[in-house]
Amino acid sequence: MIRVLLVDDQPLLRSGFRALLDLEDDIEVVAEAADGQEGVALAREHRPDIALIDIQMPVMDGIEATRLIAADPVLARVHVVILTNYGLDEYVFDALRAGAAGFLVKDIEPEDFLHAVRVAARGDALLAPSITRKLIDRYVARPLRPGVVTGLAELTNREREAVTLVAQGLSNDEIADRMVISPLTAKTHINRAMTKLHTRDRAQLVVLAYESGLVTAHHQ
């Protein structure tokens, strides 16, 4: 059973998402919150698999709520998915930096929404290759602030190569083809890299790859 927490200040949207999720046999909405502060408290109380969090809310916004959830070791298994009206905007970058596993636009089709919840629950980052490529386009277009990233020196050459390909928007199957290895081995390289770099998921791996300078515009 996939346990979901809904955090949005609009009751109508919350009830709409809840109605959709409650129809599914494998998904259960365990709690609802109208602001980020309440959302963080309910995340600690219920330990959901997924926290669907709106970006713009009163009291505490979704980015700060995401940051608090991602920083709490007790909530390490909670995958935050950001809900946004605007698609790929500055808030989304901030949310990914804060620890979100991905994001959904609120006008998403119902079947895509349900698929996304299940993907996030598996621990896969909710960044389709097309979305990752949009992220990359934006990162390439903006000034980067390379910083010292703990664990970068610990990566093997193969792990570094896998991270570079993740950051270029390739799926595990595409990475396997490119590196001439099995998809399972590709996933292993990526998981080991995430452990060494202390990233929660693939989304953070993409952000870190660019912000550390591991991947730059010339990779595109």
Side-chain angles (χ1 to χ4, degrees), residues 2 43 47-53 63 65-82 92-104 116-136 138-140 144-216 219-220:
I2 299 168
R47 314 275 178 86
D49 300 301
I50 304 290
L52 293 169
I53 300 181
I63 293 167
T66 299
R67 191 173 288 117
L68 290 173
I69 289 171
D72 190 337
V74 171
L75 302 178
R77 294 182 181 276
V78 178
H79 303 290
V80 175
V81 176
I82 290 293
V92 169
F93 288 102
D94 291 340
L96 291 172
R97 283 196 200 94
F103 68 94
L104 295 173
V117 168
R118 292 184 176 104
V119 166
R122 288 201 305 265
D124 295 335
L126 204 54
L127 291 175
S130 60
I131 297 295
T132 308
R133 289 187 183 107
K134 287 180 186 174
L135 272 172
I136 289 162
R138 288 287 295 273
Y139 265 114
V140 168
L144 295 175
R145 300 184 301 279
V148 178
V149 176
T150 308
L152 209 55
E154 295 177 30
L155 295 183
T156 66
N157 287 338
R158 294 298 264 171
E159 287 163 0
R160 190 177 283 254
E161 185 180 353
V163 171
T164 301
L165 294 171
V166 167
Q168 289 179 41
L170 273 63
S171 67
N172 284 358
D173 287 347
E174 290 169 331
I175 290 168
D177 287 345
R178 188 76 67 88
M179 294 178 68
V180 198
I181 54 179
S182 72
L184 183 61
T185 303
K187 189 172 184 179
T188 300
H189 284 319
I190 293 162
N191 287 343
R192 285 180 179 160
M194 290 197 305
T195 299
K196 290 178 181 179
L197 297 173
H198 309 289
T199 54
R200 282 166 64 96
D201 54 39
R202 208 178 181 98
Q204 272 70 62
L205 204 56
V206 173
V207 171
L208 182 144
Y210 278 89
E211 295 205 321
S212 68
L214 177 62
V215 179
T216 55
H219 286 95
Q220 299 309 309

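Predicted model, so just to flag it, every value in this text is computed and none were measured.
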| said: Testing the basics here: between Gly99 and Ala70, what is the closest heavy-atom pair and its distance to 0.1 Å? | reply: CA-CB, 3.9 Å

| said: Once salt bridge (charged side-chain N to carboxylate O under 4.0 Å, His left out) is applied, do any residues pair with Arg47, and if so which ones, sequence neighbours excluded? | reply: none

| Thr156 and Lys196, any side-chain heavy atoms less than 4.5 Å apart | yes

| task | Working to the nearest 0.5 Å, report the span between CD1 of Ile175 and OG1 of Thr185. | result | 12.5 Å

| query | Considering residues at least two apart in sequence or located in another chain, which fulfil the side chain to side chain contact (heavy atoms under 4.5 Å, CB included) criterion with Thr188? | reply | Arg192

| message | Show the nearest heavy-atom pair for residues Ala43 and Pro48, with the distance to one decimal. | response | O-CD, 3.6 Å

| note | Across all chains, not counting sequence neighbours, the side chain to side chain contact (heavy atoms under 4.5 Å, CB included) partners of Ala98 are Ile63, Thr66, Arg67

| Close side-chain approach of His189 and Ile181, heavy atoms under 4.5 Å | yes

| request: Supply the atom-to-atom distance Asn172 CG to Asp177 CG, rounded to the nearest 0.5 angstrom. | output: 11.0 Å

| query | Which heavy atom in Glu159 sits nearest to a heavy atom in Leu155, and how many Å separate them? | reply | OE1-CA, 3.5 Å

| field | For Asp72, all residues meeting salt bridge (charged side-chain N to carboxylate O under 4.0 Å, His left out), sequence neighbours excluded | value | Arg44

| said: Quick one, Ile2 and Ile50 - any side-chain contact, counting heavy atoms below 4.5 Å? | reply: yes

| query | Taking the side chain from Arg178 and the backbone from Glu161, do they hold a donor-acceptor pair closer than 3.5 Å? | reply | no

| query | Do the non-hydrogen side-chain atoms of Leu75 and Leu68 ever get within less than 4.5 Å of each other? | reply | no

| Residues that Asp173 engages under side chain to side chain contact (heavy atoms under 4.5 Å, CB included), provided they are two or more places apart | Ser171, Pro183

| request: Applying side chain to side chain contact (heavy atoms under 4.5 Å, CB included), name anything that partners Thr195, two or more places apart in sequence or on another chain. | output: none

| field | Rounded distance [0.5 Å steps], CG in Leu197 versus CD1 in Ile190 | value | 12.0 Å

| message | Restricting to non-hydrogen atoms, name the atom on Ala101 and the atom on His79 that form the minimum distance, rounded to 0.1 Å. | response | CB-CB, 4.4 Å

